[in-house]
Amino acid sequence: MKIKKLILSFAILSFALSTGDAFAQSTRNSSSRTSQQVDENILLKPDALIEGQYVTLGDIFSGIDPQQADIAVAHAPQPGKQAVLDYRWLYGIAQRHKINWRPRTTADQVLITRASQIITIEEIRDAVEVALVDYGIKRPFTIDLSSENFQIHLPVDARSDVTVSSVELNSRTQRFVASVTTGAQTAQQRTYRISGKYYPLSTVPVLVEPVARGQIIRPDQVEYRDFRTERVPNGAIQDINDVIGKEVVRAGTPNEPLLFRDLTNPILVRRGALVTVRLVTANMSLTARGKALENGSKGDIIRVVNQTSNKTIQVEVVAENEVRALPAMSQ
């Protein structure tokens with residue numbers, strides 16, 4: 001019994017070895033035949049930029065028959081997207097179309113990129129702003145969109161215009177949902193729903209550079225800027241003329257709204273200072289010297305002692321150490 005089993009095992013082993021040798025020889029022969037069929041002039045293109053809807057043999061291989069170059073073999077990815085064709089798929093396509101190419105390694109692949117024209121978030125925001133104005137929202141305002149990185153990729157031959165077909169608006173919360181359409185009335189029309197919120201703006205003057213306490217603000221140191229109305233504090237100055245020529249009481253931060261409490265009218269005439277007193281009428285113009293009895297800013301009415309007559313008169317401060325005599329009260 002043991003002898004029979006031994007003979008049977010030896011027979012099976014001999015058959016397996018002979019079969020393996022035959023398979024290996026067959027594989028070598030097949031590999032040799034295949035390698036002879038490979039055309040060294042046919043090369044794989046590792047990257048392909050596709051503009052149309054299909055990937056062709058010419059996008060994948062170089063050196064092939066020109067009549068085969070335009071044969072479509074796959075759908076291109078969506079505009080702006082990429083796809084990878086691996087060695088198995090490539091080898092299958094080569095065999096199917098009788099192209100004498102085979103992968104050299106399992107790393108062989110082609111990266112397909114679909115070309116596109118990009119509609120940026122700035123273009124979308126501009127279109128939405130126009131639509132909100134059409135829906136009755138008064139300028140100036142700004143909007144925040146739910147996705148600041150959002151982009152729309154269109155085929156290179158598509159119309160690139162952007163329209164807002166509808167807006168769902170909540171005036172109480174200032175939130176909206178806009179339907180943004182590209183390629184309107186074409187086969188490539190697409191509509192995207194984009195949500196966001198609008199914010200009314202207030203235009204107020206700001207300092208463009210630091211101004212120290214006690215300094216007078218010059219015209220070139222101030223300009224208008226837009227801020228969200230909700231962020232403008234109470235007491236903020238609205239008119240740039242209320243800033244120019246004012247004295248800084250408390251140094252503020254440049255590019256921030258200015259408050260009335262931060263500024264004051266500068267003292268142009270100080271108590272005890274010698275001033276020039278001018279009296280101008282339709283028929284004459286007189287000048288005298290005087291001594292200020294109190295401080296005064298531009299436009300203030302203060303008392304001055306006329307040094308010629310030694311009389312006290314009331315004058316209006318018009319500039320630094322310069323006053324205008326009031327005709328009705330002049331001496």
Side-chain angles (χ1 to χ4, degrees), residues 12-124 147-162 180 182-183 186-192 194:
I12 293 173
L13 179 60
S14 298
F15 175 77
L17 290 174
S18 62
T19 303
D21 290 341
F23 178 77
Q25 181 63 35
S26 174
T27 302
R28 285 193 295 269
N29 292 339
S30 175
S31 176
S32 177
R33 288 193 302 270
T34 305
S35 64
Q36 292 173 358
Q37 295 173 355
V38 170
D39 188 338
E40 297 297 333
N41 294 320
I42 298 178
L43 300 176
L44 192 67
K45 296 180 179 180
D47 301 287
L49 182 64
I50 309 299
E51 292 188 356
Q53 299 181 24
Y54 300 99
V55 180
T56 65
L57 289 175
D59 295 323
I60 300 172
F61 300 104
S62 64
I64 62 174
D65 186 338
Q67 295 183 351
Q68 291 182 296
D70 293 332
I71 297 177
V73 293
H75 284 278
Q78 291 298 313
K81 300 297 184 180
Q82 294 181 323
V84 175
L85 307 179
D86 65 13
Y87 73 98
R88 293 188 185 90
W89 189 92
L90 295 168
Y91 187 39
I93 286 295
Q95 288 183 315
R96 186 177 310 161
H97 293 276
K98 297 181 174 56
I99 295 175
N100 298 328
W101 176 91
R102 64 175 300 162
R104 295 186 179 183
T105 72
T106 58
D108 283 349
Q109 64 180 29
V110 176
L111 177 63
I112 303 293
T113 301
R114 177 77 177 274
S116 67
Q117 50 180 325
I118 299 175
I119 305 298
T120 65
I121 193 67
E122 288 76 19
E123 294 175 275
I124 296 171
S147 178
E148 291 297 325
N149 297 321
F150 181 72
Q151 292 180 330
I152 297 176
H153 290 266
L154 300 177
V156 294
D157 58 346
R159 288 170 47 184
S160 60
D161 55 316
V162 179
V180 177
T182 60
T186 70
Q188 297 165 328
Q189 176 174 321
R190 298 289 185 274
T191 298
Y192 308 84
I194 300 176

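This is a predicted model, so every value here is computed, not measured. Just so you know, residue 1 is the first one in the sequence shown, and it goes up from there.
- Contact record, Gly63 with Ile42: O-CG1, 3.6 Å, taken as the closest heavy-atom pair.
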Please evaluate residues Phe61 and Ile99 with respect to the criterion side-chain contact (heavy atoms from CB on, under 4.5 Å), reporting the C-alpha separation (whole Å), side-chain torsions for both, the decisive distance (0.1 Å), and the verdict.
CA-CA 9 Å; Phe61 300 104; Ile99 295 175; 4.0 Å; yes
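- Judged as a side-chain contact (heavy atoms from CB on, under 4.5 Å), and not counting sequence neighbours, the contacts of Asp157 are Pro155, Gln188.
- Taking the charged nitrogens against the carboxylate oxygens, Arg102 and Glu40 have no contact shorter than 4.0 Å, which rules out a salt bridge.
- Here the side chains of Ile124 and Tyr192 are not in contact, with every heavy-atom distance at 4.5 Å or above.
- Rounded to the nearest 0.5 angstrom, Asn41 CG and Ser62 OG are separated by 9.0 Å.
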Can you check side-chain contact (heavy atoms from CB on, under 4.5 Å) on Ile119 and Gln151, steps first, answer last?
CA-CA 6 Å; Ile119 305 298; Gln151 292 180 330; over 6 Å; no
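- Here the closest non-hydrogen pair linking Arg159 and Leu154 is O-CD1, 3.5 Å.
- Interatomic distance, NZ of Lys45 versus CG of Leu43, reported as 10.0 Å (0.5 Å rounding).
- Within the structure, ring-ring contact (aromatic ring centres under 6.0 Å, His included) contacts touching residues 40-59 (residues at least two apart or in different chains) are Tyr54-His75.
- With values rounded to the nearest 0.5 angstrom, Asp47 atom CG is found 8.5 Å from Gln82 atom CD.
- Using a 4.5 Å heavy-atom threshold, the side chains of Asp39 and Trp101 count as separate.
- In this structure, Lys81 places its NZ atom where only 12 or fewer heavy-atom neighbours from other residues, nucleotides or ligands lie under 6.0 Å away.
- Ile60 is listed as a side-chain neighbour of Trp89, based on a closest heavy-atom distance under 4.5 Å.
- Once rounded to the nearest 0.5 Å, the distance linking OG1 of Thr120 with CG of Asn149 reads 12.0 Å.
- Within the 3.5 Å criterion, the main-chain N or O of Ala107 finds a donor-acceptor partner in the side chain of Thr105.
- Among all heavy-atom pairs drawn from Pro103 and Tyr87, the shortest one is CG-O, 3.7 Å.
- Remark: side-chain polar atoms of Gln95 are not paired, donor with acceptor, to backbone N or O of Gly92 under 3.5 angstrom.
- Residue Val156 comes nearest to Ser116 through the heavy atom pair CG1-N, 3.8 Å, listed as atom of the first residue, atom of the second, then distance.
- Side chain of Asp59 to main chain of Val55: no donor-acceptor pair is present (N/O by atom type, distance under 3.5 Å, no hydrogens or angles).
- Distance alone, capped at 3.5 Å, places no donor-acceptor pair between the Gln117 side chain and the Ser160 backbone.
- Between Leu85 atom CG and Ile112 atom CD1 the span is 4.5 Å, to the nearest 0.5 Å.
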List the atom pairs, with distances to 0.1 Å, where a side-chain N or O of residues 65-74 and a protein N or O form a donor-acceptor pair under 3.5 Å, not counting sequence neighbours.
| unit_1 | atom_1 | unit_2 | atom_2 | d |
| --- | --- | --- | --- | --- |
| Asp65 | OD1 | Gln67 | N | 3.0 |
| Gln68 | NE2 | His97 | O | 2.9 |

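- Nearest heavy-atom pair across Pro79 and Arg114 is CA-CG, 3.3 Å.
- For CD of Gln189, the number of neighbouring non-hydrogen atoms (other residues, nucleotides, ligands) closer than 6.0 Å is greater than 12.
- Side chains of Leu90 and Leu44 form a contact here, defined as non-hydrogen atoms less than 4.5 Å apart.
- Considering only heavy atoms from C-beta on, Leu57 comes within 4.5 Å of Ile93 through its side chain.
- Note that CZ of Arg88 is 12.5 Å distant from CD of Gln109, once rounded to the nearest 0.5 Å.
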